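This report concerns only the one structure given below.
Quick caveat, the model's predicted, so the values are computed rather than measured. The first residue of the sequence shown is numbered 1, and numbering continues consecutively from there.
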Amino acid sequence: MISGIDRGQYPVARSSAPRRVLDLETWTASGIPLLRDPREFVLELHRRHLPQPGTVVVAVLDPLHRMTASASFTPWPHDTDGWQHRNAILAHLRQVTPHDLRLATAKRTTVLLRCREGATGWTEQDGAWMWALRDAAGLHGLRCGAYVALTPAGWQILGDGRSGRNPHAGSWAEGPLHTVTELPPRTAQAAPRGQRPQRAERSPRSRQSERPWGPARVTAIEPARRTGTR
């Protein structure tokens, strides 16, 4: 027990680990550029990826605040340090957009949306993702942009104060179902009134290999998606 906090079985090792977390005051004072139209941005990002709780979405905006690339992923539950989050963000940025490290001044901005359970407001894990976003943006030659928390109560730009009720952490279930449903085959073609439809002749082999129709199996929607344009 150290300062009233249980540090677990290895207190020295854990207490000496670097704290890669940004508190909300430091994040607000770092001059994060504002989103021009946060409501439309969050709606567009949500339509593209339909994030579920536990999903992180990173997007890249051009100088006119138009979205040029985005990627969504689900980090490992045991990854809670800002260093691990930074590596995950950077890996996905490298897959969807080239870096701008050769520019003297960053022209594009990267924004992060994290869909999670719990109440609105800053949490320590939000602080770890803020540190990760700032570090990953610099390593990829981008400006660090806004951090959006998507909770059951709605969306909120932390450090900005702007928020809305929709979409929220459960809105992914209201999105379109990306699957194909098979229809049962028609056993008889339409015939003029008063006439019996004629059956199509099939070979014995086709009759033996024919299987009874059943409804198509609906597969789960992939939580992690990537989109990008250059």
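- By the side-chain hydrogen bond (donor to acceptor under 3.5 Å, both in side chains) test, Asp135 pairs with Arg86, sequence neighbours left out.
- Under the ring-ring contact (aromatic ring centres under 6.0 Å, His included) criterion, the residue pairs touching residues 111-143 are His85-Trp129, with sequence neighbours excluded.
- Among pairs with a residue in residues 148-157, none fulfils side-chain hydrogen bond (donor to acceptor under 3.5 Å, both in side chains), at least two apart in sequence or across chains.
- Under the side-chain hydrogen bond (donor to acceptor under 3.5 Å, both in side chains) criterion, Arg108 pairs with Thr97, Asp100, not counting sequence neighbours.
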Give the table of side-chain donor-acceptor pairs shorter than 3.5 Å for residues 27-39, with sequence neighbours excluded, one pair per line with atom names and distance.
unit_1	atom_1	unit_2	atom_2	d
Trp27	NE1	Leu158	O	3.4
Thr28	OG1	Leu24	O	2.7
Ser30	OG	Trp27	O	2.6

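- Legend: salt bridge (Lys or Arg N to Asp or Glu O under 4.0 Å) pairs involving residues 49-76, not counting sequence neighbours, sorted by first then second residue: Asp62-Arg66.
- Applying the side-chain hydrogen bond (donor to acceptor under 3.5 Å, both in side chains) rule to Asp23 yields the partners Thr26; only residues at least two apart in sequence or on another chain are considered.
- Annotation: salt bridge (charged side-chain N to carboxylate O under 4.0 Å, His left out) contacts of Arg114 (sequence neighbours excluded): Asp126.
- With sequence neighbours excluded, no residue forms a salt bridge (charged side-chain N to carboxylate O under 4.0 Å, His left out) with Arg102.
- With side-chain heavy atoms closer than 4.5 Å counting as contact, directly or through intermediates, the hydrophobic cluster containing Leu139 also holds Leu90.
- Not counting sequence neighbours, the partners of Glu124 by the salt bridge (charged side-chain N to carboxylate O under 4.0 Å, His left out) test are Arg19.
- For Ser163, there are no side-chain hydrogen bond (donor to acceptor under 3.5 Å, both in side chains) partners at least two apart in sequence or on another chain.
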